[in-house]
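Reckoned from all heavy atoms, side chains included, excluding hydrogens, waters and symmetry mates. Residue numbers begin at 1 in each chain, while the letters A, B, ... track the order of the sequences. A quick note: this is a predicted structure, and the numbers were derived from the prediction, not measured.
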Number of protein chains: 2
Amino acid sequence: METAEIIKKLRDNGFKITKIRKSIINHLTNCKSPVSVKELLNELKILGTKANKSTIYREMKFLKDNSYIVETQFEDRKKRFEISSDHHHHLVCEICGRIQKAKDCLVSKIEKRIKANQGFLVKKHRLEFFGVCSICQH
Amino acid sequence: METAEIIKKLRDNGFKITKIRKSIINHLTNCKSPVSVKELLNELKILGTKANKSTIYREMKFLKDNSYIVETQFEDRKKRFEISSDHHHHLVCEICGRIQKAKDCLVSKIEKRIKANQGFLVKKHRLEFFGVCSICQH
DNA sequence: CTGATTGCAAACATTTTGCATGCTG
DNA sequence: CAGCATGCAAAATGTTTGCAATCAG
């Protein structure tokens, strides 16, 4: 989803469009990989729209609660956020740190087996891969 | 792996066996689900072997670095630890909080596809399921 | 003008670290 | 007795909250 599209949705839903909100959404849509609050803070500062960390955290909560973004957590302590789009998983390179999307998700089969074998009804899952990206293999 | 077995391994590798270390290992082997540091602190206190939180954190690091335990993180902020055994995933009930093991892991197929399609070499993955356990479905 | 948004400082939760002391082997 | 293990206090890290000031609609 593009920035303009999200902004329109927000406006249609009666939410205010502030400079900071716009900058955050803009940065998130430009980023291909999940972004941390610290990264957002720095990025906004560079772009001349500096915001307080509380603001960013509150904005992340707001955007998440309204399903504009999703939250992921990898091996480190911090949460990362990315624009909601197609359901996908991540390939985290343990060497360069680059994060890419996995092209497809085959977990639904596994979920069916879990229901059949153990009676547990899966509502959502989290799957992340760690390894070496094609660039770092050479 | 049982407590005695782990203790033996530790001793064979020249590590010291202290009261706290033994208690921690004992509790971890008795627990079927991943345990947090706070839980361990409480448990040890109840069992009369109270330890400082730094000690527990250091012990978790030690046991993890030596592959006696593995670390997992769910939706909350804290890490949880469990004895290394067969590779498995977790079924986290969003209602009662109970955590059970998924009976099998079918991710290797997915990993092969990732290598074929995207060239990314997966070294490890993390997969957790959230939903409703069979008990809470009624 | 009204309520959502923001900044600031302080609180909070979890984890880590430095240093002096104690205990295992 | 040497060196790992421990306790304590303090720091580091990431996140949340209360309150007063500001801004968008």
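For A/Lys78 and D/dG14, the shortest distance from a side-chain N or O to OP1 or OP2 is below 4.0 Å. For A/Thr18, no side-chain nitrogen or oxygen approaches OP1 or OP2 of C/dT5 to under 4.0 Å. Of the side-chain N and O atoms in A/Arg77, none sit less than 4.0 angstrom from OP1 or OP2 of C/dT14. For C/dT5, neither phosphate oxygen OP1 nor OP2 lies less than 4.0 angstrom from any side-chain nitrogen or oxygen of A/Arg58. When the side-chain nitrogen and oxygen atoms of B/Tyr57 are compared with OP1 and OP2 of C/dT15, one or more of them lie within a distance under 4.0 Å. Within the 4.0 Å cut-off from OP1 or OP2 of C/dT14, at least one side-chain nitrogen or oxygen of B/Lys38 is found.
Residues B/Phe81 and B/Ile17 each lie close to DNA chain C; by heavy-atom proximity, the contact nearer the 5' end of the strand is made by B/Phe81.
As a whole-Å value, the separation of A/Glu39 CD from D/dG14 P is 11 Å. Whole-Å rounding puts the B/Asp12 CG to C/dT24 P distance at 19 Å. Computed from coordinates, the A/Met60 CE to D/dT15 P distance equals 11 Å when rounded to whole Å. The CD1 atom of A/Ile56 sits 15 Å away from the P atom of D/dG14 (whole-angstrom rounding). Between the P atom of D/dG25 and the CZ atom of A/Arg11 lies a distance of 6 Å, rounded to the nearest Å. Rounded to whole Å, atom P of C/dT5 lies 11 Å from atom CD1 of A/Ile24. In this structure, A/Lys53 atom NZ and C/dG7 atom C1' are separated by 11 Å, rounded to whole Å. The NZ atom of B/Lys61 sits 8 Å away from the P atom of C/dT17 (whole-angstrom rounding).
For the side-chain contact (heavy atoms from CB on, under 4.5 Å) with B/Ile69, the qualifying choice from B/Ile25, B/Leu28, B/Ile24 is B/Leu28, the only one to do so.
A centroid separation of 6.0 Å or more is found between the aromatic rings of A/His125 and B/His90.
Note that A/Lys123 lies outside the cation-pi zone of B/Phe130, set by a 6.0 Å cut-off to the ring centre and a 45° limit from the axis.
Residue A/Lys50 is classed as a sugar-phosphate contact, given heavy-atom separations below 4.0 Å to backbone atoms only. When heavy atoms are screened at a 4.0 angstrom cut-off, B/Lys79 is found touching the sugar-phosphate backbone but no base atom.
Put simply, the side chain of B/Ser54 and the base of D/dC8 share a donor and an acceptor less than 3.5 Å apart.
Nearest to the side chain of A/Lys16, among C/dG3, C/dG7, D/dT16, sits C/dG3.
The residues A/Glu39 and A/Arg80 are annotated as salt-bridged, a charged nitrogen and a carboxylate oxygen being separated by less than 4.0 angstrom.
Of the possible polar contacts, one joining the A/Gln118 side chain to the B/Lys103 backbone as a donor-acceptor pair under 3.5 Å is found.
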